[in-house]
Amino acid sequence: MVISSHPVVQSAPYEQNQDLTSPNRNLTPLGTALDDHHRLVVGGCTLSELARTYGTPLYVLDEATLRGTCRAYRQALAEHYPGPSLAVYASKANSSVALSALVASEGLGLDAVSAGELLTALRGGMPAERIVLHGNNKSKDELALAAGHGVTVVADNWRDLELLAELAPGLEGPVNLMLRFTPGIECHTHEYIRTGHLDSKFGFDPDQLETVLRHLQSCSWARLTGLHAHIGSQIFELQPHRDLAGVMADALALARSLGHPVSDLNVGGGLGIRYVASDDPPSIQQWVQTVAEAVVEACAARGLELPRLLCEPGRSLVATAGVTLYTVGSCKPIPGIRTYLSVDGGMSDNPRPITYQSQYTAVLADRPTAAATDTVTVAGKHCESGDVLLKDVTLPPAVPGDVLAVFATGAYNASMGSNYNRIPRPAAVLVGGGVAELVQRREQPEELLRYDVLPAHLAPIT
Ligand SMILES: *Cc1c(COP(=O)(O)O)cnc(C)c1O
């Protein structure tokens with residue numbers, strides 16, 4: 001379905017001083033504006049009209065911002081890295097057929113961590129040779145699916161290698177393999193999203209790397225094409241990424257010295273984004289430049305031919321493009337304590353606040369510039385006291401029916417969502433040039449019963 005919203009007179013940009021070349025540094029999608037009624041406009045569509053047309057909660061994704069981040073990565077890699085390169089979208093951040101197709105059309109690759117994400121990417125037309133399969137506990141079926149399509153498998157542990165060896169006789173050619181190892185690098189981010197330190201479930205321990213590389217010398221079914229490491233997520237520091245280059249170049253030297261013609265160095269993702277005004281992440285250009293220069297330097301110091309440089313941005317590629325719309329419902333003022341303003345979604349469409357104590361920024365979609373005189377806590381509708389989307393934020397006085405717009409929800413919202421309390425999943429629309437297109441249909445309550453099976457002895461007597 002395609003709808004055109006009313007012609008919009010963009011009287012003013014909404015967010016001043018937007019960084020047009022690195023959208024991860026903005027709070028709002030590129031070109032966010034106010035219409036002639038001072039209502040918020042994204043991608044040329046008035047948000048409250050989208051809410052009326054599609055219902056709420058609604059995920060809105062801005063196409064220009066998505067393409068802007070893809071191009072920022074590609075251009076920065078081309079500018080700062082003298083060898084070949086590929087930016088690979090970490091699709092766990094937001095996996096859909098439409099996003100896979102969009103990212104494929106921008107020339108990026110894609111990282112999947114399950115059969116579901118892999119099938120989604122393939123359906124979106126992502127070429128198999130640009131897909132990598134990750135995961136610390138891949139099933140044999142997932143490995144067979146990936147290897148059968150010619151997808152590169154990132155071996156995370158011995159079990160992956162055992163299962164692939166079992167599958168190999170049934171495959172047409174060798175499996176393209178990358179090895180993931182734990183680089184032993186600490187960074188400052190939430191404990192749950194740190195992956196580079198030694199105490200991590202992901203990847204081979206660095207002490208085992210040589211043993212694995214020697215083992216692979218005798219595995220004719222495997223073609224070792226690359227090495228991979230990922231240090232964590234929502235990282236604002238650049239130094240850990242610089243340090244990673246040295247650790248990976250050492251591993252590359254070792255692998256090549258053992259006769260593996262390793263061409264790819266995959267440094268993972270992790271660049272942070274702005275969720276609240278005080279966040280100040282590096283730009284995509286700064287991040288890429290840092291990584292690229294560090295890899296070039298580390299390879300030069302070891303006399304290594306430059307590898308193809310792969311990176312795997314997830315959050316910084318899609319988060320800022322997303323805005324979630326909710327409808328305001330009940331309000332509970334507790335004198336002297338706080339005022340709860342409840343919306344029609346919550347932890348089932350955005351589990352980040354309850355999981356990581358994440359902060360967000362929100363405005364009323366039709367009065368984004370009105371004086372924010374009330375301090376409220378925006379609560380979801382789930383039966384969980386911790387189901388709070390925004391704690392103690394300021395908003396203009398809100399009434400039931402107002403549309404609340406929460407920014408920077410394009411990553412790790414829809415993809416981490418659930419049906420808790422049997423709440424259906426929201427719809428998602430892609431907006432651009434004043435047109436909105438449905439990319440994810442709204443789930444209906446009856447659809448939630450699809451997988452329920454009633455044993456005969458429990459069947460109601462009619
Ligand atoms: C999560 C993850 C990413 C993406 O991380 P972001 O912080 O979203 O950029 C990339 N690679 C791997 C292996 C991951 O697990």
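Side chain of Arg425 to backbone of Gly417: a donor-acceptor contact under 3.5 angstrom is found. Remark: side-chain polar atoms of Arg123 are not paired, donor with acceptor, to backbone N or O of Leu118 under 3.5 angstrom. Remark: side-chain polar atoms of Thr327 are not paired, donor with acceptor, to backbone N or O of Thr56 under 3.5 angstrom. At distances below 3.5 Å, not a single donor-acceptor pair connects side-chain atoms of Ser91 with backbone N or O atoms of Glu117. The closest donor-acceptor contact from the side chain of Tyr326 to the backbone of Gly380 lies at 3.5 Å or more, if one exists at all. Judged by distance alone, with hydrogens and angles left aside, the side-chain atoms of Ser105 form a donor-acceptor pair with the main-chain N or O of Leu102 at under 3.5 Å. Within the 3.5 Å criterion, the main-chain N or O of Gly272 finds a donor-acceptor partner in the side chain of Asn24. Under the 3.5 Å distance criterion, the side-chain polar atoms of Thr65 are matched with a main-chain donor or acceptor of Leu30. Thr409 contributes a side-chain N or O that, together with a main-chain N or O of Thr324, makes up a donor-acceptor pair within less than 3.5 Å. Side-chain atoms of Glu142 do not come within 3.5 Å of backbone N or O of Ser114 as any donor-acceptor pair.
Pro307 has its side chain out of reach of Ser263: every pair of non-hydrogen atoms, C-beta onward, lies at least 4.5 Å apart. A heavy-atom distance below 4.5 Å is found between the side chains of Leu179 and Val212. Using a 4.5 Å heavy-atom cutoff, the side chains of Ser316 and Thr69 are not in contact. You'll find the side chain of Tyr14 stays beyond 4.5 Å of the side chain of Val42, heavy atoms only. By the 4.5 Å heavy-atom criterion applied to side chains, Arg74 and Leu108 are counted as neighbours. Contact annotation: the side chain of Leu161 approaches that of Leu177 to within less than 4.5 Å [non-hydrogen atoms, C-beta and beyond]. Contact annotation: the side chain of Arg223 never approaches that of Val175 to less than 4.5 Å [non-hydrogen atoms, C-beta and beyond].
Here the shortest heavy-atom pairing between Leu77 and Cys311 reads CD1-SG, 4.2 Å. Residues Leu27 and Glu15 approach most closely at N-OE2, 3.1 Å, considering heavy atoms. Shown here for Asp243 and Ile185, the closest heavy-atom pair between the two residues is C-CD1, 3.7 Å. For the pair Leu271 and Tyr73, the tightest heavy-atom approach, listed with the atom from each and the gap, is CD2-OH, 3.5 Å. Tyr59 and Asn413 get closest at one heavy-atom pair: OH-C, 3.8 Å. Closest non-hydrogen pair, Val439 versus Ala98, comes out as CG1-CB, 3.5 Å.
For the side-chain hydrogen bond (donor to acceptor under 3.5 Å, both in side chains) condition, the pairs that include at least one residue of residues 249-261, sequence neighbours left out, are Asp250-Arg302.
When the salt bridge (charged side-chain N to carboxylate O under 4.0 Å, His left out) test is applied to Arg25, the partners found at least two apart in sequence or on another chain are Asp19, Asp280. Applying the ring-ring contact (aromatic ring centres under 6.0 Å, His included) rule to His80 yields no partners; only residues at least two apart in sequence or on another chain are considered. In this structure, the ring-ring contact (aromatic ring centres under 6.0 Å, His included) partners of Phe204, at least two apart in sequence or on a different chain, are Trp158. Listed by chain and number, the residues in a side-chain contact (heavy atoms from CB on, under 4.5 Å) with Ala64 are Asp62 (sequence neighbours excluded).
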Criterion side chain to side chain donor-acceptor pair (under 3.5 Å) on Asp35 and Thr46, from CA distance to verdict = CA-CA 7 Å; Asp35 69 7; Thr46 298; 3.2 Å; yes
Apply the test side chain to side chain donor-acceptor pair (under 3.5 Å) to residues Asp205 and Thr182: give CA-CA distance (whole Å), side-chain angles for both, the deciding distance (0.1 Å), then the verdict.
-> CA-CA 6 Å; Asp205 189 280; Thr182 317; 6.0 Å; no
Test Thr32 against Leu40 for side chain to side chain contact (heavy atoms under 4.5 Å, CB included), laying out the working first.
-> CA-CA 7 Å; Thr32 301; Leu40 204 58; 3.8 Å; yes
Starting from the C-alpha separation in whole Å, work towards a yes-or-no answer on salt bridge (Lys or Arg N to Asp or Glu O under 4.0 Å) for Glu106 and Arg71.
-> CA-CA 7 Å; Glu106 289 293 337; Arg71 287 169 197 177; 2.7 Å; yes
Step by step, work out the side chain to side chain contact (heavy atoms under 4.5 Å, CB included) result for Val431 and Leu50.
-> CA-CA 10 Å; Val431 295; Leu50 293 178; 3.8 Å; yes
Test Leu341 against Thr377 for side chain to side chain contact (heavy atoms under 4.5 Å, CB included), laying out the working first.
-> CA-CA 6 Å; Leu341 196 64; Thr377 286; over 6 Å; no
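For His134 and His228, the gap between ring centers is short of 6.0 Å.
Leu99 contributes atom CG, which lies 10.0 Å from atom CE of Met126 (distance to the nearest 0.5 angstrom). Within the model, atoms CG of Leu47 and CG of Asp366 stand 8.5 Å from one another, a figure rounded to the nearest 0.5 Å. Ile273 contributes atom CD1, which lies 7.0 Å from atom CZ of Arg315 (distance to the nearest 0.5 angstrom). Rounding to the nearest 0.5 Å places CG of Leu404 at 8.5 Å from CG of Leu325. Rounded to the nearest 0.5 Å, atoms CZ (Arg274) and OG1 (Thr320) are 10.0 Å apart. A distance of 6.0 Å separates CG of Leu209 from CZ of Phe181, quoted to the nearest 0.5 Å.
Asn419 and Glu443 share a donor-acceptor pair across their side chains, judged by distance under 3.5 Å alone. One side chain, Gln18 or Thr28, offers a donor N or O that lies under 3.5 Å from an acceptor on the other. With hydrogens and angles left out, the side-chain atoms of Ser415 and Ser95 include no donor and acceptor closer than 3.5 Å. With no hydrogens or angles considered, no side-chain donor-acceptor pair links Arg214 and Gln217 at under 3.5 Å. When only modelled atom types and interatomic distance are considered, Asn176 and Thr225 share no side-chain donor-acceptor pair under 3.5 Å. Between the side chains of Glu79 and Gln75, not a single donor N or O lies within less than 3.5 Å of an accepting N or O. Tyr420 and Glu384 are linked by a side-chain donor-acceptor pair at a separation below 3.5 angstrom, with hydrogens and angles left out of the test.
Taking the centre and axis of the six-membered ring of Tyr275, the NZ or CZ atom of Arg352 falls inside the cone set by 45° and 6.0 Å.
In summary, of the residues considered (Leu389, Val276, Asn350), a side chain to side chain contact (heavy atoms under 4.5 Å, CB included) with Tyr360 occurs for Asn350 alone.
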For a quick test of your reading: what N or O donor-acceptor pairs under 3.5 Å do the side chains of residues 147-157 make, sequence neighbours left out?
{"from": "His149", "atom 1": "ND1", "to": "Leu145", "atom 2": "O", "distance (Å)": "3.0"}
{"from": "Asp156", "atom 1": "OD1", "to": "Gly203", "atom 2": "N", "distance (Å)": "2.8"}
{"from": "Asp156", "atom 1": "OD2", "to": "Gly203", "atom 2": "N", "distance (Å)": "3.3"}
{"from": "Asn157", "atom 1": "OD1", "to": "Arg159", "atom 2": "N", "distance (Å)": "3.2"}
{"from": "Asn157", "atom 1": "OD1", "to": "Asp160", "atom 2": "N", "distance (Å)": "2.9"}
{"from": "Asn157", "atom 1": "ND2", "to": "Asn136", "atom 2": "O", "distance (Å)": "2.9"}

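At a threshold of 4.0 Å, the pair Arg242-Glu297 does not count as salt-bridged, since none of the basic side-chain nitrogens sits closer than that to a carboxylate oxygen.
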